[in-house]
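Here the structure comes first, spelled out in structure tokens, and everything after it is commentary.
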Amino acid sequence: MEPLDELELLMEKSFGEEAALPEELFQKKLVASFPRIVLSRGTDNRYLVLAINTVQNKEGNCEKHLVITASQSLENKELCILRNDCSEPATRQMLIGTVLHEVFQKAISNSFAPEKLRELAFQTIQEIRHLKEMYRLNLNQDEIKQEVEDYLPAFCKWAGDYMHKNSSTDFPQMQLSLPSDNNKDNSTCNIEVVKSVDIEESIWSPRFGLKGKIDVTVGVKIHRGCKTKYKIMPLELKTGKESNSIEHRSQVVLYTLLSQERRTDPEAGLLLYLKTGQMYPVPANHLDRRELLKLRNQMAFSLFHRISKSATRQKTQLASLPQIIEEEKTCKYCSQMGNCALYSRAVEQQMDGSSVPIVMLPKIEEETQHLKHTHLEYFSLWYLMLTLESQSKDNKKNHQNIWLMPALEMEKSGSCIGNLIRMEHVKTVCDGQYLHNFQHKNGAIPVTNLMAGDRIIVSGEERSLFALCRGYVKEINMTTVTCLLDRNLSVLPESTLFRLDQEEKNCDIDTPLGNLSKLMENTFVSKKLRDLIIDFREPHFISYLSSVLPRDAKDTVACILKGLNKPQRQAMKKVLLSKDYTLIVGMPGTGKTTTICTLVRILYACGFSVLLTSYTHSAVDNILLKLAKFKIGFLRLGQTQKVHPAIQKFTEQEICKSKSIKSLALLEELYNSQLIVATTCMGINHPIFSRKIFDFCIVDEASQISQPICLGPLFFSRRFVLVGDHQQLPPLVLNHEARALGMSESLFKRLEQNKNAVVQLTVQYRMNSKIMSLSNKLTYEGKLECGSDKVANAVINLPHFKDVKLELEFYADYSGNPWLMGVFEPSNPVCFLNTDKVIKIFSSAGCNPSDIGIIAPYRQQLKIINDLLAHSSVGMVEVNTVDKYQGRDKSIVLVSFVRSNKDGTVNFFLNLFYIIDLPSREHESLCHILGDFQRK
DNA sequence: ACTCTGCGGAGAGGA
């Protein structure tokens with residue numbers, strides 16, 4: 001309990017309205033609901049809650065503010081603040097459930113002895129992924145430990161009851177008749193759990209259209225009279241209330257269907273409640289299975305028909321979700337209530353002939369009353385575009401092939417390798433990561449597209465071993481494929497033949513939809529973003545730097561500013577003065593990365609916390625590589641696989657390993673000690689973001705990110721800076737209709753119409769004046785300028801230029817190829833030409849091969865060029881697609897074009913190609929150039 | 001058709 005202080009008084013306005021209901025009404029309500037209730041303060045305190053308000057505190061966490069009173073007259077109001085009320089979707093019980101599952105699973109293949117159980121429990125709660133969840137939920141490690149330990153005696157009891165006994169009648173009696181038994185009179189039997197066959201068995205069943213993971217697969221003996229039946233069946237663990245409910249039992253029935261992919265029908269499963277050690281048998285009757293599959297099919301049908309085409313106007317629109325159920329109670333506790341109401345209001349209620357149960361209307365209205373019409377429209381438009389786009393991606397997939405096509409046939413497409421045998425031992429990297437080596441049955445591994453880092457699905461060649469596990473390729477050479485898999489396959493016979501299939505790209509619709517949903521929430525942060533982004537509220541700026549710059553940071557900041565050019569300095573100032581957002585237009589070669597790095601240094605010097613994000617890992621790391629030189633500590637989050645080697649030591653994984661972090665306190669210390677946190681804009685599901693709020697969020701490559709993705713990191717900061725260049729390619733959108741509806745408009749572009757939020761970086765250091773003039777005239781309205789005379793006049797340095805020139809003149813090469821002369825003439829920076837032999841000549845003229853870059857539009861073409869180079873004398877020339885070059889510099893860049901089809905046309909994609917200067921994705925500029933070129 | 005980047009996941013409980 002706290003008295004109303006200044007800050008809270010500020011909030012009083014908002015809850016004042018709710019509390020302003022006539023006092024008598026409250027009095028009546030009070031009397032009606034609690035006729036003889038005594039309100040009192042002190043030890044036996046009993047208060048009446050007059051109003052509840054959810055607010056966001058300074059740390060960005062949710063607090064519930066209750067206006068309460070202990071006086072019958074309701075006069076003396078007090079404020080009660082409920083803190084650490086963590087978000088519902090991830091709860092304490094879920095975490096405890098996960099931990100207990102793991103402990104039990106370890107115990108069943110180890111031992112249920114009390115001391116062993118305690119050891120396993122202790123180990124498990126020290127694992128970093130569980131510590132991270134505890135951090136997310138703001139829990140106390142000791143409390144969790146205690147709560148886990150409270151379950152252990154029941155574990156022991158269960159093992160004592162069901163495992164290892166002398167005679168079959170010592171096992172507990174149960175009522176279970178299997179569908180195949182056919183005798184209903186004797187359902188009594190004794191159940192013995194013989195062994196654990198598998199843990200977390202992962203099964204995909206195309207036949208039933210289901211997939212799932214089975215907690216424990218157990219070998220069970222069913223003793224009935226003198227007969228004994230052996231069955232391998234699913235055992236489902238539950239840590240919550242011992243409900244033996246229809247939901248729990250249905251889950252087990254579904255597992256009996258999954259099991260049929262691997263072995264004969266178990267006909268039944270087991271349901272074990274770990275709180276008590278009580279176990280229930282669940283027979284899988286045909287009719288139950290049939291009903292469950294019917295439900296599955298209904299669900300699948302509506303997921304498949306998320307979009308409909310209206311017959312009259314030929315317009316695509318979102319379809320209705322299955323009818324809302326008319327049960328307020330069920331909805332009350334549903335985690336999807338908000339989304340459900342939002343979709344109903346924004347989409348379904350806008351359609352002709354839509355019907356919403358009348359009882360649910362007030363609830364839907366209440367959930368969405370904070371949203372304006374513009375917000376609902378933004379939501380439904382983006383929901384439609386995202387759905388269209390994800391369906392386009394879905395159509396490109398042909399995942400059926402992986403179970404319908406034999407590996408030998410699939411290999412032709414290059415996305416599969418079959419006939420593999422597991423070699424030697426499996427190395428356990430950590431829980432859930434196992435290193436496997438595979439070799440081909442006949443020696444060499446066939447030609448394949450599979451590369452290190454690719455996600456894969458591992459199956460046995462036999463159909464019954466389909467989709468055993470997943471993981472990714474760690475290394476691949478002529479003879480061996482090394483993979484990191486989520487399950488240990490050494491339980492299977494050595495002779496098992498495996499196949500690896502490239503996993504279809506997971507077209508992520510969840511992250512953007514989640515962000516979109518969050519944007520519609522009734523919170524302070526979301527409201528602000530809605531104002532700025534949807535309603536185009538003008539961004540505000542403060543007037544004087546003195547109010548943001550701490551006195552003791554002034555010198556440092558001034559010193560850093562000295563190294564910048566004019567537009568860069570303006571950018572720094574603008575950001576510091578911003579209360580909402582700033583957009584930095586980074587034209588090609590203007591030192592975007594340096595500018596961002598400097599910005600971070602300044603913010604750091606001022607003591608601001610910064611969230612640094614970008615679209616790609618490489619762009620994030622490019623900034624961090626520069627930042628590391630200035631001794632600024634940072635924390636790099638995200639997939640370690642993709643993190644730059646020099647940045648690895650700053651990743652959470654590495655730090656946790658080197659500091660051997662095994663307690664929540666140490667983890668909290670790590671998270672709290674870092675002012676700068678860096679990750680991709682997709683990597684925002686990290687626990688740190690549910691507890692921290694940053695002063696600034698910087699998003700690099702912002703003109704390439706679609707709005708709902710770019711939104712993600714913005715929720716975790718007070719203001720944001722988008723860095724990009726809308727003249728470069730917009731976000732990639734495959735679906736034509738989605739593009740036509742505006743899906744390729746980035747947040748950067750949308751907000752750019754607020755001119756006062758924009759600063760342009762115009763001084764460039766990459767191109768000499770001739771190269772620059774191309775993009776300057778065609779795209780940048782002459783705004784670009786060279787950073788110095790040195791930049792303006794820079795030409796390629798070829799120390800052996802004269803020798804090569806002589807050589808060319810001497811041999812027939814030159815007379816046969818007169819154009820070659822022009823190519824390596826340093827004063828000739830831009831040429832269109834045939835590119836045979838060029839690299840060799842540049843190389844022999846003294847150009848370092850690593851200063852040469854080759855770009856080609858097609859992957860296969862890159863492969864061929866790479867192979868040719870590998871067999872030639874010139875090494876270390878980098879060959880890549882445009883996108884991979886990511887705004888880096890090379891002294892010489894060769895672009896290889898190709899056209900190899902019968903009608904000799906250049907396709908749409910190739911029409912968008914660019915040459916000279918190589919910031920990422922400047923295809924559009926090329927379009928201008930080529931157009932211009934052809935006209936001339 | 002081709003080009004592209006990000007993502008652990010199915011299930012942990014609740015009523």
Side-chain angles (χ1 to χ4, degrees), chain A residues 88-102 129-130 133 137 200-204 210-215 236-241 243 245 247-248 251 254-255 258 273-275 327-335 393 396 432-433 455 469-472 484-486 503 505-512 514 613-620 638-642 679-685 701 704-706 709-710 712 729-734 855-862 880-884 886 898-901 906-913 920-921 923:
Chain A
E88 291 110 63
T91 67
R92 173 197 182 93
Q93 280 77 10
M94 282 168 160
L95 171 62
I96 286 167
T98 312
V99 170
L100 284 167
H101 271 68
E102 264 182 55
R129 62 206 148 96
H130 298 315
E133 275 316 293
L137 301 167
E200 290 283 321
E201 192 179 18
S202 161
I203 305 178
W204 293 9
L210 300 168
K211 53 176 160 176
K213 284 186 177 176
I214 298 171
D215 282 340
E236 169 64 17
L237 309 177
K238 295 285 172 206
T239 49
K241 262 191 192 157
S243 64
S245 63
E247 287 88 349
H248 289 175
Q251 189 180 354
L254 290 174
Y255 287 157
L258 287 179
Y273 290 92
L274 293 175
K275 220 172 220 167
E327 278 180 64
E328 282 171 272
K329 262 189 201 158
T330 312
C331 291
K332 193 178 163 189
Y333 297 106
C334 176
S335 61
K393 288 182 181 172
K396 274 176 73 182
Q433 289 201 318
R455 292 197 160 272
C469 65
R470 53 208 289 169
Y472 57 86
L484 208 49
L485 306 176
D486 61 2
E503 190 176 30
K505 294 222 171 98
N506 172 21
C507 49
D508 191 3
I509 193 176
D510 292 347
T511 308
T613 71
S614 182
Y615 188 38
T616 60
H617 287 280
S618 61
V620 173
Q639 281 212 304
T640 6
Q641 278 296 303
K642 306 259 178 100
T679 184
T680 64
C681 54
M682 299 282 279
I684 47 161
N685 206 10
E701 300 185 300
Q704 284 176 58
I705 314 174
S706 79
I709 301 272
C710 192
L729 260 202
L732 190 78
V733 178
L734 296 176
I855 295 182
Y858 305 120
R859 281 191 161 214
Q860 286 304 319
Q861 194 187 345
L862 290 173
N880 240 322
T881 55
V882 205
D883 301 75
K884 294 264 159 89
Q886 292 285 8
V898 69
R899 186 172 52 187
S900 164
N901 54 11
V906 175
N907 64 26
F908 173 72
F909 162 65
L910 207 56
N911 271 329
L912 297 175
F913 221 82
S920 50
R921 296 191 172 209
H923 311 109

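In the text below, chain A, chain B and the rest are named by the order of the sequence lines, each starting its count at 1. What's counted below: heavy atoms across the whole structure, side chains too, no hydrogens, waters or symmetry copies.
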Looking at every strand, decide which applies to [X] at a 4.0 Å heavy-atom threshold: base, sugar-phosphate, or nothing.
X	value
A:Lys238	sugar-phosphate
A:Glu102	nothing
A:Lys241	sugar-phosphate
A:Tyr255	sugar-phosphate

With a 4.0 Å cutoff (strictly under), does any side-chain N or O of [X] reach OP1 or OP2 of [N]?
X	N	answer
A:His248	B:dG13	no
A:Arg470	B:dA10	yes
A:Lys211	B:dA10	yes

If you only use heavy atoms from C-beta on, which nucleotide in [options] is closest to the side chain of [X]?
X	options	result
A:Leu732	B:dG8, B:dG13, B:dC4	B:dC4
A:Tyr615	B:dG11, B:dT5, B:dG13	B:dT5
A:Lys275	B:dG14, B:dC7, B:dG11	B:dG14
A:Thr680	B:dA12, B:dG14, B:dC7	B:dC7
A:His617	B:dG8, B:dG6, B:dG14	B:dG6
A:Leu734	B:dG6, B:dG13, B:dT3	B:dT3
A:Met94	B:dA12, B:dC4, B:dT5	B:dA12
A:Met682	B:dT5, B:dG11, B:dC7	B:dC7

Rounded to the nearest 0.5 Å, what's the gap from [atom1] on [X] to [atom2] on [Y]? Could you check?
X	Y	atom1	atom2	answer
A:Ile203	A:Ile214	CD1	CD1	4.0 Å
A:Leu484	A:Arg455	CG	CZ	10.5 Å
A:Thr239	A:His101	OG1	NE2	6.0 Å
A:Ile96	A:Glu133	CD1	CD	12.5 Å

Within this structure, what is the [atom1]-to-[atom2] distance between [X] and [N], rounded to whole angstrom?
X	N	atom1	atom2	answer
A:Leu274	B:dA12	CG	C1'	12 Å
A:Glu247	B:dA15	CD	C1'	10 Å
A:Ile705	B:dT5	CD1	C1'	10 Å
A:Ile96	B:dG14	CD1	P	10 Å
A:Ile214	B:dG11	CD1	P	9 Å
A:Tyr472	B:dG6	OH	P	15 Å
A:Leu254	B:dA10	CG	C1'	13 Å
A:Leu95	B:dA12	CG	P	13 Å

Checklist entry - How far does the C1' atom of B:dG8 sit from the matching atom of B:dA12, given to the nearest Å? => result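 Roughly 15 Å separates the two C1' atoms.
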Next on the checklist: If you assign each of A:Trp204 and A:Thr239 to its closest nucleotide in DNA chain B, which residue comes earlier from the 5' end?
Outcome noted: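 By nearest-heavy-atom nucleotide position, the 5'-most residue is A:Trp204.
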Checklist entry - Where does B:dG9 land, syn or anti, once you apply the within-90°-of-0 test for syn? => result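 Here B:dG9 takes the syn form, which means its glycosidic angle is within 90° of 0.
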Checklist entry - Can we say A:Arg129 and A:Glu102 salt-bridge, meaning some charged N sits less than 4.0 Å from an Asp/Glu carboxylate O? => result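 Salt bridge between A:Arg129 and A:Glu102, a charged N being under 4.0 Å from a carboxylate O: yes.
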Checklist entry - Does A:Arg470 come within less than 4.0 Å of A:Glu503, counting only side-chain N to carboxylate O? => result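 Looking at A:Arg470 and A:Glu503, the cut-off is met.
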